[in-house]
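Worksheet: the structure to be examined is printed underneath.
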Amino acid sequence: MPEILEVEATRRAVGAHALERPIVGVDAPDAWYLKRGLTPAVITAVLPGRRFVAARRHGKLLLLDTSPDAARADTDAGPTLGLHLGMTGRVLLDGDPTGDPLRYASNRDDRDWYRFSVHFADGGTLVMRDPRRLGAVLLDPDETRLGIDAFDVTTATLRERLGGRRSPVKAALLQQRDIAGLGNLLVDEILWRADLDPHRDASSLTAPEQRRLASAIRTTLRTLGRRGGSHTGDLMESRQPGGRCPRDGAPLRHDTVGGRSTWWCPKHQR
DNA sequence: ATTGTGGCCTGCCCGC
DNA sequence: TGCGGGCAGGCCACAA
């Protein structure tokens with residue numbers, strides 16, 4: 001799924017419904033799904049006795065802070081659980097999927113796809129369901145690997161992060177270490193709205209173009225967020241063979257840019 | 001150091 | 001109906 005809008009929708013759901021519920025158990029049947037050295041033994045030992053106390057998000061990374069361990073009369077704050085949804089991950093809360101339906105993955109509820117589960121004392125669960133296993137569960141993830149959150153981008157930060165980049169502007173926008181949260185669909189929509197050719201070298205953008213791009217990022221996140229997700233862009237339904245630009249009717253071009261499938265209008269994106 | 005490429009993993013859809 | 005190929009909104013390690 002998951003670009004920043006879907007992760008934000010999940011964050012809101014978790015924040016509204018999964019906080020302050022004592023954790024009594026963890027299922028981590030897929031050790032491969034735990035990343036950066038985390039093991040099933042560690043995660044199943046560390047979460048029970050705690051509660052989630054805050055649901056945060058940095059880019060596409062969902063961060064769940066935990067409380068001190070009640071059983072040990074521990075006063076130190078607990079670790080932070082990091083959930084990354086990858087391309088096909090989805091969080092289920094008490095059996096219900098959060099966020100919007102996946103566009104490029106099955107939305108079937110197959111228990112074989114439950115890669116990680118947290119059980120609450122009240123009988124409820126928080127489950128990561130991921131057919132392709134491209135998501136990840138992390139403990140105390142390193143947030144310094146991520147750049148500024150896409151919701152906070154300004155013209156100034158854009159100039160600072162992209163100004164010196166000698167790569168296609170599309171590839172630069174997808175670099176999570178510079179700007180965190182934008183994925184393939186959002187970037188195509190943003191560049192389409194900003195009238196910019198995705199192949200343009202990021203360092204070649206003029207000051208007005210940088211302003212346009214920053215503005216398009218804000219507008220796109222706000223508009224698509226309201227509509228219900230990354231797949232609700234104006235470009236979305238034309239993103240297929242034979243698709244035409246919704247603005248001027250020109251045939252869209254399809255290329256690979258930054259290693260990703262890219263649809264753009266050669267008439268108004270320059 | 002930065003940038004580009006390939007790989008990871010599995011499901012689904014299309015054409016034969 | 002079955003099968004193979006290609007594609008998919010993620011990230012990471014590696015090579016140049």
Side-chain angles (χ1 to χ4, degrees), chain A residues 1-10 29-38 57-62 82-91 99-116 128-138 141-143 145-147 150 161-192 198-204 220-221 224-225 227-233 235-242 254-263:
Chain A
M1 75 173 153
E3 300 190 34
I4 192 169
L5 298 176
E6 287 71 28
V7 181
E8 174 61 16
T10 294
D30 186 353
W32 185 89
Y33 205 70
L34 312 176
K35 303 297 181 184
R36 311 235 157 233
L38 183 60
R57 181 192 55 73
H58 189 157
K60 302 171 192 171
L61 181 62
L62 185 62
L83 300 180
H84 203 295
L85 305 179
M87 274 172 66
T88 53
R90 207 155 177 209
V91 170
D100 296 295
L102 299 180
R103 187 96 185 178
Y104 290 96
S106 172
N107 287 289
R108 229 166 61 219
D109 188 35
D110 189 332
R111 297 205 153 224
D112 289 346
W113 299 340
Y114 287 11
R115 311 298 179 188
F116 180 75
M128 279 275 286
R129 184 178 72 195
D130 186 354
R132 269 176 74 188
R133 300 169 79 210
L134 289 168
V137 173
L138 307 152
D142 178 10
E143 289 181 62
R145 298 158 58 94
L146 298 170
R161 307 286 169 131
L162 265 56
R165 290 244 159 269
R166 297 214 333 111
S167 67
V169 61
K170 167 154 183 178
L173 289 172
L174 288 168
Q175 290 290 326
Q176 302 299 302
R177 106 188 79 135
D178 294 318
I179 296 174
L182 302 181
N184 200 36
L185 288 182
L186 280 176
V187 167
D188 276 6
E189 177 81 12
I190 287 164
L191 292 172
W192 179 80
H199 302 84
R200 279 282 297 283
D201 199 291
S203 63
S204 77
T220 303
L221 291 181
L224 274 56
R227 289 183 192 168
S230 308
H231 59 282
T232 62
L235 194 58
M236 190 66 210
E237 65 180 45
S238 306
R239 236 174 157 277
Q240 55 179 315
H254 182 218
D255 299 308
T256 297
V257 183
R260 315 302 304 280
S261 179
T262 301
W263 296 83

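Throughout, a chain's letter reflects where its sequence line sits, starting with A, and its residues are numbered from 1.
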Proximal nucleotide (of [options]) relative to the [X] side chain:
X: A/Arg165; options: C/dC11, B/dG11, B/dT3; answer: B/dT3
X: A/Ser167; options: B/dC9, B/dT3, C/dG10; answer: B/dT3
X: A/His84; options: C/dG10, B/dC8, C/dC12; answer: C/dG10
X: A/Arg145; options: C/dC12, B/dG11, C/dG10; answer: C/dC12

Rounded to whole angstroms, how far apart are [atom1] on [X] and [atom2] on [N]?
X: A/Arg132; N: B/dG7; atom1: CZ; atom2: P; result: 15 Å
X: A/His254; N: C/dG6; atom1: NE2; atom2: C1'; result: 12 Å
X: A/Asp178; N: B/dA1; atom1: CG; atom2: P; result: 15 Å
X: A/Asp201; N: B/dG4; atom1: CG; atom2: P; result: 9 Å
X: A/Trp263; N: C/dA8; atom1: CH2; atom2: P; result: 9 Å
X: A/Arg260; N: B/dG7; atom1: CZ; atom2: P; result: 16 Å
X: A/Lys170; N: C/dG10; atom1: NZ; atom2: P; result: 9 Å
X: A/Met87; N: C/dA8; atom1: CE; atom2: C1'; result: 4 Å

(message) With side-chain contact (heavy atoms from CB on, under 4.5 Å) as the criterion, how do A/Asn184 and A/Lys170 come out once you've worked through the C-alpha distance, each side chain's angles and the decisive distance to 0.1 Å?
(response) CA-CA 9 Å; A/Asn184 200 36; A/Lys170 167 154 183 178; 2.6 Å; yes
(request) Would you please test A/Val187 and A/Arg260 for side-chain contact (heavy atoms from CB on, under 4.5 Å) and show each step? (result) CA-CA 11 Å; A/Val187 167; A/Arg260 315 302 304 280; over 6 Å; no
(request) Write down the distance separating the P atoms in C/dG6 and B/dG6, rounded off to the nearest Å. (result)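 Roughly 15 Å separates the two P atoms.
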Base, sugar-phosphate, or nothing for [X], non-hydrogen atoms under 4.0 angstrom?
X: A/Arg115; value: nothing
X: A/Lys35; value: nothing
X: A/Gly259; value: nothing
X: A/Pro241; value: nothing

(message) My validator wants the stems of DNA chain B: runs of 3 or more consecutive Watson-Crick or G-U pairs, both distances under 3.5 Å, written as range with range.
(response)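 Stems for DNA chain B, defined as runs of 3 or more consecutive pairs: B:2-8 with C:10-16, B:10-16 with C:2-8.
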Taking all heavy atoms of [X] and all of [Y], pick out the closest pair and write down the distance.
X: A/Arg161; Y: A/Asp178; value: NH1-O, 3.2 Å
X: A/His58; Y: A/Ala180; value: CD2-CB, 4.0 Å
X: A/Asp130; Y: A/Gly135; value: OD2-N, 2.8 Å

(message) Rounded at 0.5 Å granularity, tell me how far CG in A/Leu5 sits from NZ in A/Lys60.
(response)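 Here the interatomic distance stands at 11.0 Å.
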(request) Check each of A/Asp112, A/Asp109, A/Asp30, A/Asp110 against A/Arg129 using the salt bridge (Lys or Arg N to Asp or Glu O under 4.0 Å) test, and report the only one that passes. (result) A/Asp109
Taking only side-chain nitrogens and oxygens of [X], does any of them come within less than 4.0 Å of OP1 or OP2 of [N]?
X: A/Trp113; N: B/dG11; answer: yes
X: A/Arg166; N: B/dG4; answer: no
X: A/Ser261; N: C/dA8; answer: yes

(message) Any N or O donor-acceptor pair under 3.5 Å from the base of B/dC9 to the side chain of A/Arg133?
(response) no
(request) Step by step, work out the side-chain contact (heavy atoms from CB on, under 4.5 Å) result for A/Val257 and A/His199. (result) CA-CA 7 Å; A/Val257 183; A/His199 302 84; 3.5 Å; yes
